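Everything on this sheet refers to the single structure shown next.
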Amino acid sequence: MLKVLIFLAAFYSVKGQDIKSVTEKVADKMCECVGDVSAKTDVNLRINECYESEVRAGIHKILNQEEMLVFVDNIAEFNQKIGAILKNECPEIKNELNKRILSSYDSRNAFPTNFDTKDLERILRNNKIKNQKKLIATNIKVLSIKNEDGKLNYTAEIGNEKVHVAPLIPSGFEESNAELRVLGYLINRQLKDYISEPEHKILILALATLEIETKQLSYIPSAEKQIEQWASGKIPDSK
């Protein structure tokens, strides 16, 4: 699961500005096609319909010749990931899917935590994470935010200790002093794979962010099953 999430994040942010801008252009057109969605909408069916009308039949109306070359070079990857991209990029789809998740579960038990200051202090003392593939959920307070080559990361506090947080998909909730709950993987090796100049020993690779006060949720679309588990009151499996 961790490798899949990193791969998807790479498609969003590491493929270069050309494919990023082309993907955004196609996704914007497909979002227009999808339009409003409701509780009765079959989201995957709507995405497939818009793919047929806007991409298969109408891609030449969206992209210029140079952009078409970039798109064709990456079309296999685009086809594989377009559903996940739209579920993150189209506000109507994203909001409706969040509503479905949040309305399906008892809010009193939803989105539990399993990691706190004591757990972090123990890891820092031992300088070892027992199982990097285990998902953790914890409350954090945002201290400072960076944007490196289009990739957002920030420093946060868990109790009195500081960590780096690299969201696979920026939530829009990342502001100084914001109190958030994140679900992700702990990383304590090769931090430079995620941020250029690490100042702290631990990084959380976040696949979901919950704005604690409003209960607004943002997550990487390929993690829908894990988010449903988390919303139901369980710490998700990492698979």
Side-chain angles (χ1 to χ4, degrees), residues 1-17 20 84 88 111-214 216-223 226-227 230 235-239:
M1 179 65 183
L2 179 56
K3 290 182 179 179
V4 172
L5 294 172
I6 293 172
F7 177 79
L8 183 55
F11 185 75
Y12 283 115
S13 59
V14 183
K15 295 288 291 183
Q17 288 303 309
K20 185 174 185 293
N88 181 72
F111 310 113
T113 62
N114 67 341
F115 191 85
D116 59 19
T117 308
K118 292 181 180 179
D119 297 307
L120 179 57
E121 289 173 347
R122 183 169 61 251
I123 287 173
L124 292 172
R125 283 197 305 270
N126 298 333
N127 196 31
K128 184 178 181 181
I129 296 174
K130 186 176 182 180
N131 183 1
Q132 181 175 306
K133 295 181 180 179
K134 181 181 178 182
L135 283 167
I136 64 102
T138 187
N139 293 335
I140 62 170
K141 181 178 180 180
V142 179
L143 298 180
S144 59
I145 304 164
K146 290 183 180 180
N147 196 313
E148 300 176 342
D149 298 325
K151 293 184 289 183
L152 182 142
N153 68 78
Y154 56 92
T155 299
E157 278 184 335
I158 300 176
N160 296 319
E161 301 290 348
K162 294 181 177 63
V163 298
H164 294 289
V165 182
L168 286 168
I169 296 293
S171 66
F173 312 142
E174 297 90 355
E175 297 179 355
S176 182
N177 295 318
E179 295 187 357
L180 308 175
R181 183 169 297 171
V182 295
L183 176 74
Y185 295 92
L186 287 178
I187 308 291
N188 72 333
R189 296 179 181 176
Q190 297 177 313
L191 266 62
K192 287 190 176 181
D193 288 351
Y194 307 96
I195 54 178
S196 61
E197 297 180 359
E199 299 175 4
H200 310 292
K201 295 181 179 180
I202 300 292
L203 177 140
I204 300 174
L205 189 63
L207 58 93
T209 304
L210 179 74
E211 209 286 327
I212 294 176
E213 184 176 351
T214 64
Q216 289 183 307
L217 178 67
S218 175
Y219 58 92
I220 190 165
S222 59
Q226 284 75 17
I227 302 308
W230 195 30
I235 298 298
D237 299 326
S238 59
K239 296 180 181 180

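What you see is a predicted model, and the numbers here were worked out from it, not measured in a lab.
- Scanning both residues, F173 and L180, for their nearest heavy atoms gives CB-CD2, 3.7 Å.
- Here the straight-line distance linking atom CD of E157 with atom CG of N177 works out to 9.0 Å at 0.5 Å rounding.
- F111 pairs by the ring-ring contact (aromatic ring centres under 6.0 Å, His included) definition with W230, not counting sequence neighbours.
- Between I136 atom CD1 and L183 atom CG the span is 7.5 Å, to the nearest 0.5 Å.
- With rounding to the nearest 0.5 angstrom, the CG atom of L186 is 10.0 Å from the NZ atom of K134.
- The shortest side-chain heavy-atom distance between V163 and V165 falls under the 4.5 Å cut-off.
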N/O donor to acceptor pairs below 3.5 angstrom from side-chain atoms of residues 196-210, sequence neighbours left out:
unit_1: S196; atom_1: OG; unit_2: E148; atom_2: OE1; d: 3.4
unit_1: S196; atom_1: OG; unit_2: E148; atom_2: OE2; d: 2.9

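- With sequence neighbours left out, the side-chain contact (heavy atoms from CB on, under 4.5 Å) criterion links T214 to E211, Q216.
- Across P170 and S218, no two heavy atoms sit closer than the pair O-OG, 4.1 Å.
- Considering all non-hydrogen atoms of both residues, E175 and I145 come closest at CA-CD1, 3.6 Å.
- One distance of note links CG of D237 with CD1 of I235; it measures 10.5 Å at 0.5 Å rounding.
- Atom CG of N126 sits in a crowded spot, with more than 12 heavy atoms from other residues, nucleotides or ligands closer than 6.0 Å.
- L143 and S176 make their closest contact through O-OG, 3.5 Å (heavy atoms, listed as atom of the first residue, atom of the second, distance).
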Please set out all donor-acceptor pairs under 3.5 angstrom arising from side-chain atoms of residues 112-123, sequence neighbours excluded.
unit_1: N114; atom_1: OD1; unit_2: A137; atom_2: N; d: 2.7
unit_1: N114; atom_1: ND2; unit_2: L135; atom_2: O; d: 3.4
unit_1: D116; atom_1: OD1; unit_2: K118; atom_2: N; d: 3.1
unit_1: D116; atom_1: OD1; unit_2: D119; atom_2: N; d: 3.3
unit_1: D119; atom_1: OD1; unit_2: R122; atom_2: NH2; d: 2.8
unit_1: D119; atom_1: OD2; unit_2: D116; atom_2: N; d: 3.0

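- Counting only residues at least two apart or on different chains, no salt bridge (Lys or Arg N to Asp or Glu O under 4.0 Å) pair has a member in residues 161-174.
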